[in-house]
Number of protein chains: 2
Amino acid sequence: MATPSMEDYLERIYKLIDEKGYARVSDIAEGLEVHPSSVTKMIQKLDKDNYLIYEKYRGLILTPKGKKMGKRLMDRHELLENFLTTIGVHEDNIYKDVEGIEHHLSWDSITCIETLLEYFRRDPSRADELMNVRKELEAEN
Amino acid sequence: MATPSMEDYLERIYKLIDEKGYARVSDIAEGLEVHPSSVTKMIQKLDKDNYLIYEKYRGLILTPKGKKMGKRLMDRHELLENFLTTIGVHEDNIYKDVEGIEHHLSWDSITCIETLLEYFRRDPSRADELMNVRKELEAEN
DNA sequence: TACTTGGCGTAGCCATTGCTATATTTCCCC
DNA sequence: GGGGAAATATAGCAATGGCTACGCCAAGTA
Ligand SMILES: [Mn+2]
Ligand SMILES: [Mn+2]
Ligand SMILES: [Mn+2]
Ligand SMILES: [Mn+2]
């Protein structure tokens with residue numbers, strides 16, 4: 001089982017490869033706001049656990065296991081960002097909150113949040129009504 | 001700033017005192033599924049950080065700071081359980097998921113989830129419609 | 001081809017939070 | 001009041017995941 005930190009690295013690596021074609025230690029470090037030495041250490045662990053194949057100083061590629069997991073993690077992250085956006089959380093808080101909670105939700109919960117999002121997508125007036133509730137609650141104080 | 005673990009202990013202690021009038025090491029340990037020695041250690045840290053006043057072998061009381069925080073933590077936990085219940089997450093998953101995510105949501109997000117819950121409470125047919133979306137999505141597979 | 005330099009790797013440290021093993025205290029019962 | 005069990009405390013270890021300091025590699029330039 002992957003730890004939260006391992007998930008963060010895998011997600012980042014998947015995204016970098018997806019967008020730029022490769023994932024370098026320094027890019028991973030910058031994205032996760034950690035030092036390069038921390039990245040090296042974690043990459044070695046992810047290699048040991050067969051999420052990727054790593055060649056010192058040269059580069060890395062994701063194994064099928066790593067690709068599958070990486071994609072799931074990226075999708076999960078995006079779903080949760082959409083969710084928080086939909087219920088009206090301020091932009092500035094979204095990324096940090098998602099970074100934290102994404103590792104702690106069962107796939108059951110993820111599916112239910114997906115459904116909730118679809119519920120609001122199918123009829124945009126529902127989101128309007130939600131914002132009305134918000135305004136009423138704010139007016140009470 | 002309290003760590004996730006510190007929050008778990010504080011929440012538990014607050015709840016025990018709220019329900020039984022006192023919080024003993026063994027009760028805290030049982031509730032959090034950790035060993036008593038871990039509880040002793042954490043209580044000493046919470047004392048040092050002025051969340052509670054601890055007398056070895058005798059007992060503890062929450063400071064005003066600890067009470068205020070404890071109540072907020074308990075309320076937050078309950079809110080999140082209600083939220084997952086409302087969107088249809090299976091009972092068996094709720095406690096564990098909440099235990100994980102509760103420490104990683106900004107108060108902005110918490111407020112928005114509160115609003116969402118109020119939205120569903122005000123018109124129960126909304127929850128019915130959510131369940132209809134769920135059934136439709138399930139039928140697609 | 002040799003030097004330089006930026007990127008990367010390693011070693012060793014620290015904080016956190018759990019554990020086990022063992023010591024100490026308290027409390028209850030005789 | 002004393003003995004023993006249950007509760008609690010302490011010591012020391014381990015895993016995780018950061019960090020700093022420093023050493024190494026290799027791509028590019030002179
Ligand atoms: Mn994350
Ligand atoms: Mn993420
Ligand atoms: Mn928790
Ligand atoms: Mn909780």
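A note on names: the letters A, B, ... follow the listed sequences, proteins ahead of strands, and every chain is numbered from 1. Computed from heavy atoms alone, side chains included, the values below leave out hydrogens, waters and symmetry copies.
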What is the distance from [atom1] of [X] to [atom2] of [N], rounded to the nearest Å?
X     : N      : atom1 : atom2 : value
A/D49 : D/dA15 : CG    : P     : 14 Å
A/M42 : C/dC8  : CE    : C1'   : 17 Å
B/E55 : C/dT25 : CD    : P     : 14 Å
B/K48 : C/dA15 : NZ    : P     : 11 Å
B/R58 : C/dT25 : CZ    : P     : 13 Å
B/I43 : D/dT10 : CD1   : C1'   : 14 Å

In plain terms, say whether B/E138 and B/K135 are close enough for a salt bridge, that is, a side-chain N and a carboxylate O under 4.0 Å apart. no
Looking at B/R12 and B/E30, is any side-chain nitrogen of the basic one under 4.0 Å from a carboxylate oxygen of the acidic one? no
Name the orientation class of the two ring planes belonging to A/F83 and B/F83 (parallel below 30°, tilted from 30 to 60°, perpendicular beyond 60°). parallel
For the pair B/K65 (side chain) and B/D49 (backbone), establish whether a donor and an acceptor sit closer than 3.5 Å, ignoring hydrogens and angles. yes
Applying side chain to side chain donor-acceptor pair (under 3.5 Å) to B/N50 and not counting sequence neighbours gives none
Pairs under 3.5 angstrom, nitrogen or oxygen only, protein versus nucleotides 10-12 of chain C, please.
| unit_1 | atom_1 | unit_2 | atom_2 | d |
| --- | --- | --- | --- | --- |
| C/dT10 | OP1 | A/K56 | NZ | 2.9 |
| C/dT10 | OP2 | A/Q44 | NE2 | 2.4 |

For D/dG18, take OP1 and OP2 only and decide whether either is under 4.0 Å from a side-chain N or O of A/Y9. yes
Between A/V39 and B/S5, just flag the one whose closest nucleotide in DNA chain C comes earlier from the 5' side. A/V39
Can you check whether A/I101 reaches B/E102 side chain to side chain, under 4.5 Å on heavy atoms? no
Which residues within residues 21-35 of chain B lie with some heavy atom under 4.0 Å of an atom in DNA chain C? B/V34, B/H35
So B/N82 and B/I113, side chain to side chain contact (heavy atoms under 4.5 Å, CB included) or not? Walk me through it. CA-CA 10 Å; B/N82 287 339; B/I113 289 170; over 6 Å; no
B/T3 side chain: which of C/dT26, C/dG7, C/dT17 is closest? C/dT17
Test side chain to side chain contact (heavy atoms under 4.5 Å, CB included) on A/I61 and A/L52 and set out the steps. CA-CA 6 Å; A/I61 55 170; A/L52 51 80; over 6 Å; no
Start at the 5' end of DNA chain D and walk down; is the nucleotide closest to A/Y57 or to A/M6 reached first? A/M6
Taking every non-hydrogen atom, the tightest pair across A/M131 and A/I87: CE-O, 3.9 Å
